[in-house]
Amino acid sequence: MRTQLRFSGSGGQGVITAAIIFAEAAVAQGFNAVQSQSYGPEARGGASKAEVIIDDEKIFHPHVKSPDFLLALTQKAADKYFNDLSLDGTLIIDSDLVPNPPKFPNTVSVPFTKLATEKLGNTLFTNIIALGAVAKVSSFDIDAIKNAIFARFPISSIESNFQALQLGFRSV
């Protein structure tokens, strides 16, 4: 049961953090997981990509070649990475920041950034909202992700992050 995911966007959107949380949740569930990341030299605004492979068997090559799920939070990320997406995969996009989505048969479109601003008052929650949507689309255990969030964030932000996760899960 190998699942390959790619989280992409621009620096500052939290795609790397989202991928790390997803991988930690998978390990807590008893799966093998690897997570890798790459980003441009800019602190914010440059290209950012993180990948996760989850499997119940050993993972010998930690590179995603054909993701089953691609999260694209910017137009540039969608354009750059959708060609690698598995033919039966799912493209998940921020509908406001990807105004010209690639022609792909299985696309989920949610206004992640807009939801973060309007419902939680801060774009910092965009990645966790998107993570909730990825969990729903990939049928991943949302409670495992909640536990990973609890382990990673300060107690003062846990409730807001849980709200963001649920918001994303319900938005699909």
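We count residues from 1, following the sequence as given.
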* Is a side-chain N or O of Asp96 found less than 3.5 angstrom from the main chain of Pro111, in a donor-acceptor match? -> no
* Asked: Is the closest side-chain heavy-atom distance between Ile20 and Gln37 below 4.5 Å?
  -> yes
* **Donor-acceptor contact below 3.5 Å, side chain Ser157 vs main chain Phe153** => no
* Kindly compute the distance separating CG (Leu165) from CG (Asn161), expressed to the nearest 0.5 Å. => 8.5 Å
* Between Asn100 and Gln75, does a side chain to side chain contact (heavy atoms under 4.5 Å, CB included) hold up when you go through it step by step? -> CA-CA 7 Å; Asn100 301 305; Gln75 185 69 55; 3.7 Å; yes
* Heavy-atom side-chain proximity of Ile155 to Phe150 below 4.5 angstrom -> yes
* Got a donor-acceptor contact below 3.5 angstrom from the Thr107 side chain to the Lys103 backbone? -> no
* Asked: What's the shortest heavy-atom distance between Ala50 and Gln35, and which atoms?
  -> CB-NE2, 3.7 Å
* Asked: Counting distance only, does the side-chain N/O of Gln166 pair as donor-acceptor with the main-chain N or O of Gln163 below 3.5 Å?
  -> no
* **Verdict with reasoning, Ile16 to Phe7, per side chain to side chain contact (heavy atoms under 4.5 Å, CB included)** => CA-CA 7 Å; Ile16 293 172; Phe7 298 72; over 6 Å; no
* Asked: Does the pair Asp84/Lys65 count as a salt bridge with the N-to-O cut at 4.0 Å?
  -> no
* Derivation of the side chain to side chain contact (heavy atoms under 4.5 Å, CB included) call for Ile59 and Arg2 -> CA-CA 9 Å; Ile59 301 168; Arg2 178 166 291 222; 3.8 Å; yes
* Would you say Lys76 has more than 12 foreign heavy atoms packed within less than 6.0 Å of its NZ? -> no
* To do: With the side chain counted from C-beta on, respond yes when Thr113 and Leu97 share a heavy-atom pair under 4.5 Å apart, and no when they do not.
  => yes
* To do: Determine whether Val52 and Ile54 make a side-chain contact, defined as any pair of heavy atoms from C-beta on separated by less than 4.5 Å.
  => yes
* Is Leu115 linked to Ile145 within one hydrophobic cluster, defined over Ile, Leu, Val, Met, Phe, Trp and Tyr using a side-chain heavy-atom separation of less than 4.5 Å? -> yes
* CD of Glu57 to CG of Asn32: how many Å apart, nearest 0.5 Å? -> 9.0 Å
* Asked: For Leu167, which of Ile129, Val110, Ile128 qualifies under side-chain contact (heavy atoms from CB on, under 4.5 Å)?
  -> Ile129
* Leu70 side, atom CG; Lys49 side, atom NZ - distance, nearest 0.5 Å -> 10.5 Å
* Quick one: which of Ser38, Ser8, Ser36 gives a side-chain contact (heavy atoms from CB on, under 4.5 Å) with Glu51? -> Ser36
* To do: Following the transitive rule for hydrophobic clusters with a side-chain heavy-atom cut-off under 4.5 Å over Ile, Leu, Val, Met, Phe, Trp and Tyr, establish whether Phe169 and Ile92 coincide in one cluster.
  => yes
* Quick one: do Ile93 and Phe112 satisfy side chain to side chain contact (heavy atoms under 4.5 Å, CB included)? Show the steps, please. => CA-CA 8 Å; Ile93 61 169; Phe112 299 119; over 6 Å; no
* Report yes or no: does Asp56 contribute a side-chain atom to a donor-acceptor pair with the main-chain N or O of Phe31 at less than 3.5 Å? => no
* Which heavy atom of Val15 sits nearest a heavy atom of Ser48, and at what distance? -> CG2-OG, 3.2 Å
* Write down the atom of Leu85, the atom of Pro67, and the distance for their closest heavy-atom approach. => CD1-O, 3.2 Å
* **Separation between OG1 of Thr3 and CG of Asp55, rounded to the nearest 0.5 Å** => 7.5 Å
* Asked: Excluding sequence neighbours, so at least two apart, what forms ring pair (Phe, Tyr, Trp, His ring centres under 6.0 Å) with Phe140?
  -> Phe22
* Of the non-hydrogen atoms in Ala33 and Ala23, which two are nearest, and what is the gap between them? -> CB-O, 3.9 Å
* Side chains of Asp94 and Thr74 in contact at under 4.5 Å (non-hydrogen atoms) -> no
* Structure fact -> Scanning both residues in full, the closest heavy-atom pair of Gly9 with Ala77 reads N-CB, 3.8 Å
* **Cluster check Leu91, Leu5: I/L/V/M/F/W/Y, side chain < 4.5 angstrom** => no
* To do: Please check if Val172 and Phe125 belong to a single hydrophobic cluster, counting links between Ile, Leu, Val, Met, Phe, Trp and Tyr side chain heavy atoms closer than 4.5 Å.
  => yes
* Between atom CG of Asn147 and atom CD of Gln29, what is the distance when rounded to the nearest 0.5 Å? -> 8.5 Å
* To do: Look at the side-chain heavy atoms of Ile, Leu, Val, Met, Phe, Trp and Tyr, link any pair under 4.5 Å apart, and say whether Phe69 and Leu71 land in one connected group.
  => yes
* Do Thr90 and Asp68 come close enough that some side-chain heavy atom pair is under 4.5 Å? -> no
* From Ile53 CD1 over to Arg6 CZ, what is the distance, rounded to the nearest 0.5 angstrom? -> 10.0 Å
* Would you say the side-chain atoms of Thr17 and Asn127 include a donor-acceptor pair closer than 3.5 Å? -> no
